[in-house]
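In what follows, every heavy atom counts, from backbone to side chain, and hydrogens, waters and symmetry copies are set aside.
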Amino acid sequence: MIDQQMPLRGGATRLPVRPETGRFLVLAAVFICAACGLVYELELVALASYLIGDSVTQASVVLSVMVFAMGIGSLLAKRLRTRAAVGFGLIEAALALVGGTSALILYASFAWLGESRYALVGFSLAIGILIGAEIPLLMTLIQRVDRQDAGGAVADLFAADYVGALVGGLAFPFLLLPMMGQLTGALFTGTVNAVAGGALVLWVFRRDLGPRSRCLLIVVNVAVIALLATASVLVDDFERAARRAVYGDEVRVAVQTGVQEIVLTGPGGPGGGSLDLYLDGRLRVSSRDEHRYHEALVHPAMNGAHRRVLILGGGDGLAAREVLRYPGVESVVVVELDPAVTRLARTDPALSALNGHAYGDPRLTAVPGDAFTWLRDTRDRYDVVISDLPDPGITASTKLYAAEFYGLVAGALEPGGRLVVHAGPPSSRPATFWTVDASIRAGGLSTRPYRVDGRLTGFAAGPDRAADGAGAPRDWGFVLAARHAVGRPGIDPGAPALRTLGERELLAGLRSVERVRRHGVAPSTLVHPRYQEEP
């Protein structure tokens with residue numbers, strides 16, 4: 001049972017430090033706790049975007065729930081003001097435990113239960129309540145340290161809180177995520193949170209604590225720190241087990257870069273099963289059917305001049321493999337945001353064999369960088385531009401499907417040059433597909449949409465989003481574009497790989513281009529949810 005405490009009446013008379021030192025230590029604790037709190041928020045947003053997708057929705061859910069919960073926490077903290085020291089110590093220990101383990105539990109719920117939305121809302125609510133309870137208790141504590149006016153105390157507390165939030169917000173993407181990863185970073189943050197809160201109460205306000213309260217806080221903080229430290233030691237084993245649950249037993253490469261998580265599964269050499277490449281949990285390449293996608297993406301655009309070719313994305317080297325089949329190609333530039341993808345495509349034996357050792361061809365040059373920024377800065381011109389970018393339904397890639405982006409592409413094309421864009425599956429997501437078509441036309445290019453059937457794999461991993469099965473889209477959609485009117489996508493006899501596709505199959509769906517012109521879909525960086533393709 002927690003000891004009853006009487007409010008201090010004598011200012012700083014019972015503190016073991018001078019009032020100025022005590023005030024500084026309280027503000028330092030505010031700074032650290034605010035930084036940790038913002039890291040918890042960003043961790044939830046980042047992990048939810050990775051596990052669930054649609055970063056805008058996930059950020060909105062997390063932030064709105066947390067702000068609401070902070071109000072609840074502030075109201076609940078009123079009951080603890082007469083026992084502010086022990087209340088603050090217990091709240092910080094709880095916050096360290098909940099926030100530090102939130103990433104682990106979210107990932108576990110996704111890996112083994114196939115659903116993490118309810119856990120996301122629960123953690124957002126719990127963390128928000130605990131963060132909201134901090135400031136009222138800290139206000140009481142700082143006034144016990146130094147009897148300044150309430151307005152000055154509020155100003156000092158919020159200044160320390162906001163500066164701490166700034167540091168936490170910058171530390172998460174630039175230090176914690178690249179150096180520790182999401183899971184270890186959250187556990188480390190929880191440990192710092194527990195140490196800061198426990199040290200403030202057990203040292204500066206130790207004379208406010210009775211024997212039972214002091215013993216309780218020591219036991220709770222030691223238990224929380226020990227649990228977080230143990231989880232940090234075991235986190236690698238946990239990640240391996242979770243990845244096996246999500247991706248299967250053949251995970252060969254799993255690395256968290258500054259851009260995304262890269263997972264490569266399948267055999268270590270050519271043959272003997274499917275080789276799959278996942279980026280942030282989404283299946284980007286499967287050796288079972290990738291040839292159908294890359295042949296349909298590349299070969300129609302190569303029907304014409306193709307001396308200089310630009311590939312946007314496509315760091316796996318598979319689109320480059322198809323381009324390099326043409327003897328008339330003199331140079332290929334691959335602009336890939338994440339250099340770790342190109343490094344893997346160059347060095348992994350199985351992936352390198354799948355892409356035909358494209359990175360060993362002297363005609364190919366790999367450039368790390370954002371495609372939008374790179375196009376804005378380049379002055380080079382190309383006969384063919386191939387947009388092999390992430391799925392247009394992923395929010396983070398919407399700027400790469402905007403009219404402004406296609407305007408930059410048009411400026412990089414030779415007068416007779418051609419652009420081809422992967423635009424998503426038209427059968428299951430017609431709104432996305434036709435919005436891409438409309439955006440390309442708004443960028444100043446004429447378009448010719450087409451599709452190819454025979455898709456065997458989906459685009460996500462996990463118990464409820466298997467890469468195989470009935471939920472997989474059955475086709476890929478593409479848009480061929482040029483400055484002039486575009487005819488039927490041609491088939492170059494010099495491209496033997498394309499012969500596995502029948503022309504009728506490749507051109508299926510071209511009649512629906514007139515259908516979208518009647519609908520008049522507006523160009524946009526976002527999907528138009530109201531648009532539905534005519535039956």
| Can you find a pair of side-chain heavy atoms, one from D316 and one from N355, that are under 4.5 Å apart? | no
| After noting the C-alpha distance and the side-chain angles of F205 and V26, does the key distance pass the side-chain contact (heavy atoms from CB on, under 4.5 Å) rule? | CA-CA 10 Å; F205 296 98; V26 171; 4.0 Å; yes
| request: Only counting residues at least two apart or in another chain, list the ones meeting salt bridge (charged side-chain N to carboxylate O under 4.0 Å, His left out) with R244. | output: none
| task | Measure the shortest side-chain to side-chain distance between Q260 and Y278 over non-hydrogen atoms and say whether it is less than 4.5 angstrom. | result | no
| query | When rounded to the nearest 0.5 angstrom, what distance separates CG in D276 from OG1 in T265? | reply | 4.0 Å
| Side chain to side chain, R117 and V61, heavy atoms closer than 4.5 Å | no
| request: Under the side chain to side chain contact (heavy atoms under 4.5 Å, CB included) rule, collect the residues that match up with A108, sequence neighbours excluded. | output: W112, F238
| field | Nearest heavy atoms of S109 and L106, plus distance in Å | value | OG-O, 2.7 Å
| query | Between E250 and R252, is there a salt bridge with N-O shorter than 4.0 Å? | reply | no
| field | Pairing residues for Y162 by the side chain to side chain contact (heavy atoms under 4.5 Å, CB included) criterion, not counting sequence neighbours | value | F158
| remark: When every non-hydrogen atom of A103 is compared with those of A186, the smallest separation belongs to CB-CB, 4.0 Å
| task | Mind checking salt bridge (charged side-chain N to carboxylate O under 4.0 Å, His left out) for R346 and listing every partner two or more places apart, or none if nothing turns up? | result | none
| task | List for me each residue that meets side chain to side chain contact (heavy atoms under 4.5 Å, CB included) alongside A94, sequence neighbours excluded, and say none if there are none. | result | L130
| note | Residues A153 and I142: closest non-hydrogen pair is CB-CG2, 4.0 Å
| request: Would you mind reporting whether E92 and V201 have side-chain heavy atoms less than 4.5 Å apart? | output: no
| task | Quick one: pull up OG1 in T191 and CZ in F188 and give me the separation to the nearest 0.5 Å. | result | 7.5 Å
| task | Indicate the atoms forming the closest heavy-atom contact of V335 with A371, along with that distance. | result | CG1-CA, 4.2 Å
| message | Applying ring-ring contact (aromatic ring centres under 6.0 Å, His included), can you list everything that pairs with H294, at least two apart in sequence or on another chain? | response | none
| Any D370 side-chain heavy atom under 4.5 Å of K399 side chain | yes
| query | Within the distance-only criterion (no hydrogens, no angle test), does the side chain of T342 pair as donor or acceptor with the backbone N or O of P339 below 3.5 angstrom? | reply | yes
| Minimal non-hydrogen separation, A48 against L120, with atom names | CB-CD2, 3.6 Å
| remark: Residue set satisfying side chain to side chain donor-acceptor pair (under 3.5 Å) with R206, at least two apart, ordered chain then number -> none
| note | For G281 and Y247 the tightest heavy-atom approach is CA-OH, 3.4 Å
| Which value, rounded to the nearest 0.5 Å, describes the distance between F174 atom CZ and M179 atom CE? | 14.0 Å
| task | Please say whether more than 12 non-hydrogen atoms of neighbouring residues, nucleotides or ligands are located less than 6.0 Å from OH in Y359. | result | yes
| field | Any L27 side-chain heavy atom under 4.5 Å of L157 side chain | value | yes
| note | Distance col, row L354:CG vs L277:CG, nearest 0.5 angstrom, shows 10.0 Å
| query | Who pairs with E290 by salt bridge (charged side-chain N to carboxylate O under 4.0 Å, His left out), at least two apart in sequence or on another chain? | reply | R321
| Test log, rule side-chain contact (heavy atoms from CB on, under 4.5 Å), inputs F24 and R18 | CA-CA 10 Å; F24 170 79; R18 296 174 56 188; over 6 Å; no
| field | Intermediate values then yes/no, side-chain contact (heavy atoms from CB on, under 4.5 Å), D388 and L318 | value | CA-CA 10 Å; D388 186 16; L318 297 168; over 6 Å; no
| said: Go through it in stages, so that I can follow the logic: the residues are F110 and L47, the test is side-chain contact (heavy atoms from CB on, under 4.5 Å), and I'd like the CA-CA distance, side-chain angles, deciding distance and then a yes or no. | reply: CA-CA 10 Å; F110 171 78; L47 196 58; over 6 Å; no
| query | Are T140 and R81 linked by a side-chain donor-acceptor pair shorter than 3.5 Å? | reply | yes
| query | Considering residues at least two apart in sequence or located in another chain, which fulfil the salt bridge (charged side-chain N to carboxylate O under 4.0 Å, His left out) criterion with D289? | reply | none
| Taking atom CG of L137 and atom OG of S74, what is their separation to the nearest 0.5 Å? | 9.5 Å
| field | Non-hydrogen side-chain atoms of L25 and W203 separated by less than 4.5 Å | value | yes
Distance-only donor-acceptor hits, side chain of residues 29-43, under 3.5 Å, sequence neighbours excluded:
from: Y40; atom 1: OH; to: N193; atom 2: OD1; distance (Å): 3.1

| field | Pairwise side-chain contact, F405 with L389, heavy-atom cut-off 4.5 Å (strictly under) | value | yes
| query | Among all residues two or more places apart in sequence or in another chain, which pass the side chain to side chain contact (heavy atoms under 4.5 Å, CB included) test with D237? | reply | L234, R240
| request: Can you measure from OH (Y293) to NE2 (H422) and round to the nearest 0.5 angstrom? | output: 4.5 Å
List the atom pairs, donor and acceptor, that lie under 3.5 Å between side-chain atoms in residues 215-233 and the rest of the protein, sequence neighbours left out.
from: N221; atom 1: ND2; to: L217; atom 2: O; distance (Å): 2.8
from: T230; atom 1: OG1; to: A226; atom 2: O; distance (Å): 2.8
from: S232; atom 1: OG; to: L228; atom 2: O; distance (Å): 2.9

